[in-house]
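Step one of this worksheet: look at the structure below.
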Amino acid sequence: MSEQNDQFFMSRALRLAKQGLWSTDPNPRVGCVLVKDGKIIGEGWHQQAGKAHAEVNALKQAGKTAEGSTCYVTLEPCSHQGKTPPCAQALVKAKVSRVVMATYDPNPQVRGEGAAQLRTAGIIVDVGVLSQEAEKLNPGFFKRMNHNRPYVRCKLAMSLDGRTAMKSGESQWITGPDARADVQSLRARSSAIMTGVGTVLSDDPSLNVRPEELPEGAFIPEPMRQPLRVIIDKHLSLPLDAKILKLEGQCLVVTASDDEELQALLTKQGAEVLYLPNSEGGIDLEAMLSVLAKREINEVHLECGATLAGSMLKRGLLDELVIYMAPMLMGNQARGLFNLPELDKMADAYQLQIEDMRAIGKDWRIMASFIG
């Protein structure tokens, strides 16, 4: 089959995979298409961790006609027994003739093994069709497997003059309702939602996902998965009556305080306390991300003030910025996006690449990644 056809059918598999954007965590989002004589005979996508993988769903739809077909899958078929049987062996049993993979599985314990099993069975395997698109669909899964930490996406809202709050701290609402609804989609795709205690003290946010605000037709499992809520709280000043402690879902408080009494009070309220001091008396943010990776946290959605945002930026722990820009001016006494030390030279500036920019209601959304 031609390269053009391979890309066409892989594009379809990627669109299927995107349906699991808010439901597969901690598994990757995967789509699969089975093609025979130029026609799709079966397709599927991974809907939820613990349930059938994309290849199995596609094979079930195709039935016996799967024999001799070409399988397009956005990630290397699994080769081991987990919560579900290995997909590589399911494809072998179905007697497909060719498997086109967008990319290898980044898990070092799995990478290449699924492809090897297929080739041993005499199946033609091609790798690399729309690989960048497949990796962009699962940035956290690849980041966790390759670098032992989650992908961190920092969401900020600002005025045209780059301000996030008035001098008094007032910040509700810079952006309009459309932008705030759009944030729900970012939260829903994340494994964890993180903020600093200063944001909790000033805004008392819920930091949860509201299913009714997600796009119409979105696949939302029952019950809805709520991301882990992570509070960075150096001195354990989180109020015991904070809204974030009362809602459904887990809450993790990361601190540099060894005050056992305060830790016990938060634990009694249902929170988990993680003690991670660094040598400077603050919180070891790098260690925190490693701990989250071990808990299979793929994507972290960071909603915070300038202090925590600046700390994460200085340490090179941010992978992406999502900035909602409102059509207003707030003045030079208002608060900025990041608390950073003064930069003397243009060469010291943080370089970004704009990945996407579009209107969201009355506001603009800028999505940017870091260069280097």
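Numbers for residues simply follow the sequence, beginning at 1.
The pair R210-E213 meets the salt-bridge criterion, since a charged nitrogen lies less than 4.0 angstrom from a carboxylate oxygen. Ion pairing between D203 and K243 fails under the 4.0 Å rule for side-chain N and carboxylate O. Between R12 and E43, at least one side-chain nitrogen of the basic residue sits less than 4.0 Å from a carboxylate oxygen of the acidic one, meeting the salt-bridge criterion.
Taking E272 as the reference, R295 meet the side-chain hydrogen bond (donor to acceptor under 3.5 Å, both in side chains) condition, with sequence neighbours excluded.
Distance check, rounded to the nearest 0.5 Å: CZ of R144 to CG of N138 gives 10.5 Å. To the nearest 0.5 Å, atoms CG (L265) and OG1 (T267) are separated by 8.5 Å. Between the CG atom of L337 and the OG atom of S159 there is a distance of 8.5 Å, given to the nearest 0.5 Å. D284 contributes atom CG, which lies 11.5 Å from atom OH of Y275 (distance to the nearest 0.5 angstrom).
In this pair, H53 and H46 present their aromatic rings perpendicular. The plane angle is above 60°, beyond the 30 to 60° band.
A donor-acceptor pair under 3.5 Å is absent between the side-chain atoms of S191 and the main chain of I297, judged by distance alone.
Here salt bridge (charged side-chain N to carboxylate O under 4.0 Å, His left out) pairs that include residues 178-199, with residues two or more places apart or in two chains, are D182-R365, R187-E303, R189-E299.
Hydrophobic clustering of Ile, Leu, Val, Met, Phe, Trp and Tyr side chains at less than 4.5 Å, counting indirect connections, unites L302 with M158.
Counting all heavy atoms, side chain and backbone alike, L137 lies closest to P139 at C-CD, 3.4 Å. Smallest separation of non-hydrogen atoms from V33 and F9: CG2-O, 4.0 Å.
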With salt bridge (Lys or Arg N to Asp or Glu O under 4.0 Å) as the test, would you mind laying out the steps for R153 and D319 before giving the verdict? CA-CA 6 Å; R153 181 181 294 109; D319 297 294; over 6 Å; no

